[in-house]
J.: 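Mind having a look at this structure? Questions to follow.
We use all heavy atoms of the structure for the numbers below, so side chains are in, but hydrogens, waters and symmetry mates are not. Bear in mind that the values here come from a model prediction, so they are computed numbers and not experimental data.
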Amino acid sequence: MPELPEVETIRRDLEKKILNKKIVEVKVIKKKVIKEPDLSEFKKGLEGEKVKEILRKAKVLIFKLRDDKFLIVHLRISGWLLYGEEDPKARVVFKFSDGKFLNYMDPRLLGELRLRKDFKDLKFIKELGPEPFELKEEDFKKIVSSKKTKIKVLLMDQALISGIGNVYAQEALFRAKISPLRESNSLSSEEISFLFKSILEILKEAIKYRGSSVDTYRDIGGREGGMGQRLKVYGRQGEPCFVCKTPIRKITLGGRGTCFCPKCQK
DNA sequence: AATGGGACCTGCGCGC
DNA sequence: TGCGCGCAGGTCCCAT
């Protein structure tokens with residue numbers, strides 16, 4: 001799915017488009033993505049409501065409709081939102097009172113939408129660790145040095161640190177010159193410090209450039225993000241490292257493809 | 001506790 | 001051209 005920077009880009013763009021707009025109609029084309037409540041209650045519960053606030057927790061988007069009514073959208077891997085006209089590939093369509101549409105796009109159908117009284121009690125929100133921006137360097141050091149997991153797997157563990165996914169974990173490690181294979185408790189204090197700064201930088205840069213479109217992700221206007229072309233290792237297996245020209249290696253870690261420079265990253 | 005594999009899904013690019 | 005395969009930004013569940 002979109003990681004923190006992509007979801008934040010969506011959130012900011014949507015704020016300009018649908019805040020205080022009324023939902024007049026909801027069309028569910030693929031009911032699989034509606035996890036709760038049942039279909040008719042989902043539609044009935046949304047139609048007539050205004051979007052009061054748009055929040056984000058790590059990679060999850062949350063639309064506040066009332067103090068006790070929230071639409072929670074987890075885009076998972078292939079979900080994205082397209083604003084404007086109704087789209088033929090949409091899985092769910094929200095029509096607003098100004099005649100505009102918000103399309104929930106999700107080719108792989110792995111995402112999920114929920115309408116609930118609250119979001120804080122949802123498992124995949126309740127169990128989130130702090131986002132990198134909420135962490136002090138000392139907290140990050142404690143997290144990293146307390147585990148012996150491979151550092152790349154740790155960075156993607158949402159219960160420890162939330163918002164980082166498979167792209168930015170690889171990019172942060174490249175920037176920090178740390179191998180994704182290192183056991184996290186083997187990192188020196190200086191390495192952890194450098195890694196922490198690298199994470200913050202890469203996430204900030206990715207937000208600035210409106211995310212990476214390496215797969216299905218698009219912004220709400222259907223445009224690609226500008227961060228994709230700034231990635232240094234993701235998807236570059238076999239190509240020369242931008243720093244030392246050594247071919248970028250690809251391995252599997254935690255079940256996910258992982259690219260790194262075997263020479264620069266120790 | 002940590003790790004590896006599979007499941008959930010569709011669609012794309014690649015090699016033959 | 002057409003087909004099969006591998007792979008895709010996430011998360012959960014199971015076995016070891």
Side-chain angles (χ1 to χ4, degrees), chain A residues 1-10 29-35 56-61 72-81 87-92 104-114 122-129 131 143-174 180-186 199 202-203 205-207 209-219 224-238 250-259:
Chain A
M1 151 178 128
E3 305 181 29
L4 186 155
E6 288 75 25
V7 181
E8 179 62 15
T9 301
I10 294 171
I29 294 99
K30 281 284 178 186
K31 60 182 181 190
K32 177 188 182 291
V33 298
I34 311 299
K35 301 297 176 182
R56 179 188 57 73
K57 292 283 169 196
K59 309 172 187 175
V60 184
L61 260 182
I72 297 128
V73 178
H74 198 324
L75 300 165
R76 293 284 188 97
I77 284 193
S78 71
W80 57 287
L81 292 165
D87 191 277
K89 289 196 176 128
R91 306 307 199 180
V92 181
Y104 174 71
M105 313 295 285
D106 189 358
R108 289 174 69 184
L109 295 172
L110 295 173
E112 50 187 83
L113 282 67
R114 297 168 186 272
L122 256 179
K123 187 167 182 283
F124 60 68
I125 290 186
K126 190 171 55 180
E127 293 176 3
L128 287 174
E131 294 183 8
I143 293 168
V144 172
S145 50
S146 69
K147 300 274 175 181
K148 125 185 224 324
T149 327
K150 292 186 182 60
I151 185 63
K152 191 248 182 177
V153 176
L154 180 143
L155 293 182
M156 291 177 64
D157 185 338
Q158 303 299 299
L160 296 176
I161 310 151
S162 64
I164 302 172
N166 198 31
V167 172
Y168 299 120
Q170 296 170 51
E171 293 297 317
L173 286 166
F174 175 78
L181 289 159
R182 288 277 297 282
E183 290 181 347
S184 55
N185 64 5
S186 79
I199 290 168
I202 200 85
L203 295 178
E205 189 181 341
I207 291 171
Y209 288 100
R210 305 178 53 77
S212 315
S213 293
V214 298
D215 193 3
T216 57
Y217 170 77
R218 297 291 182 278
D219 72 14
E224 295 193 355
M227 190 63 188
Q229 60 203 76
R230 293 185 150 71
L231 301 177
K232 304 288 192 280
V233 283
Y234 179 86
R236 296 197 65 246
Q237 59 273 23
K250 184 173 184 183
I251 57 174
T252 298
L253 275 185
R256 317 299 303 278
T258 306
C259 296

J.: Distance check needed: C:dT11 P versus A:Ile164 CD1, whole Å only.
T.: 12 Å
J.: Using Watson-Crick and G-U wobble pairs whose two distances are both under 3.5 Å, how do you write the pairing of DNA chain B as dot-bracket, with | for links to another strand?
T.: .|||||||.|||||||
J.: Taking only side-chain nitrogens and oxygens of A:His74, does any of them come within less than 4.0 Å of OP1 or OP2 of C:dG10?
T.: no
J.: Can you check the A:Arg256 CZ to C:dG10 P distance for me, whole Å?
T.: 5 Å
J.: For the atom pair OG (A:Ser184) and CG (A:Leu155), what is the distance rounded to the nearest 0.5 Å?
T.: 8.5 Å
J.: Distance between the P atoms of C:dG6 and B:dG5, in whole angstroms?
T.: 15 Å
J.: Take atom OH of A:Tyr234 and atom P of C:dC7, then tell me their distance rounded to the nearest Å.
T.: 12 Å
J.: If I take atom CG in residue A:Leu4 and atom P in nucleotide C:dG10, what distance separates them, rounded to the nearest angstrom?
T.: 12 Å
J.: Is any side-chain N of the basic residue among A:Asp219 and A:Arg210 closer than 4.0 Å to the acidic one's carboxylate O?
T.: yes
J.: Return the value, rounded to whole Å, for the distance between atom NZ of A:Lys152 and atom P of B:dG4.
T.: 12 Å
J.: Could you tell me whether A:Gly165 contacts a base, only the sugar-phosphate backbone, or nothing, with contacts defined as non-hydrogen atoms closer than 4.0 Å?
T.: sugar-phosphate
J.: The side chain of A:Pro2 is closest to which nucleotide in this list: C:dG9, C:dT11, C:dA8?
T.: C:dG9
J.: Going by heavy atoms in the side chains, are A:Thr149 and A:Asp157 under 4.5 Å from each other?
T.: no
J.: Do the side chains of A:Tyr217 and A:Glu3 get nearer than 4.5 Å, heavy atoms only?
T.: no
J.: Rounded to whole angstroms, how far apart are CG on A:Leu253 and C1' on B:dG5?
T.: 15 Å
J.: In whole angstrom, give the distance that lies between atom CD of A:Glu112 and atom P of C:dG10.
T.: 14 Å
J.: Heavy-atom count check: over 12 atoms from other residues, nucleotides or ligands less than 6.0 Å from A:Lys148 NZ?
T.: no
J.: Would you indicate what A:Asn166 reaches in the nucleic acid, counting non-hydrogen atoms under 4.0 angstrom: base, sugar-phosphate, or nothing?
T.: sugar-phosphate
J.: With a 3.5 Å cut-off and just heavy-atom distances, do the side chain of A:Glu3 and the base of C:dG9 make a donor-acceptor pair?
T.: no
J.: With heavy atoms under 4.0 Å as the rule, sort A:Thr252 into base, sugar-phosphate or nothing.
T.: nothing
J.: Determine the Euclidean distance between corresponding P atoms of C:dG2 and B:dC9; express it in Å to zero decimal places.
T.: 29 Å
J.: Taking the side chain of A:Ser213 as heavy atoms from C-beta outward, which of B:dA2, C:dG10, C:dG9 is closest to it?
T.: C:dG9
J.: Just to confirm, is there a sub-4.0 Å distance from OP1 or OP2 of B:dC9 to any side-chain nitrogen or oxygen of A:Lys32?
T.: yes
J.: Taking for each residue the nucleotide of DNA chain C with the nearest heavy atom, is it A:Ser212 or A:Phe124 whose nucleotide lies nearer the 5' end?
T.: A:Ser212
J.: Quick test of your reading of the model: are A:Glu224 and A:Arg218 salt-bridged, counting only N-O distances below 4.0 Å?
T.: yes
J.: Report yes if the side chains of A:Asp87 and A:Tyr104 come closer than 4.5 Å at any heavy-atom pair, otherwise no.
T.: no
J.: Return the CG to SG distance between A:Leu173 and A:Cys259, rounded to the nearest 0.5 Å.
T.: 12.0 Å
J.: When you check every protein heavy atom under 4.0 Å of nucleotides 10-16 of chain B, what one-letter string (B, S, -) results, 5' to 3'?
T.: BS-----
J.: Give a yes or no on whether A:Lys32 atom NZ has more than 12 heavy-atom contacts from other residues, nucleotides or ligands under 6.0 Å away.
T.: yes
J.: Rounding to a whole Å, what distance do you find between A:Met105:CE and C:dA8:P?
T.: 22 Å
J.: Just jot down the salt bridge (charged side-chain N to carboxylate O under 4.0 Å, His left out) partners of A:Glu131, sequence neighbours excluded, or say none.
T.: A:Arg56
J.: Please check the phosphate of C:dG10 (OP1 and OP2 only) for any side-chain N or O of A:Lys59 closer than 4.0 Å.
T.: yes
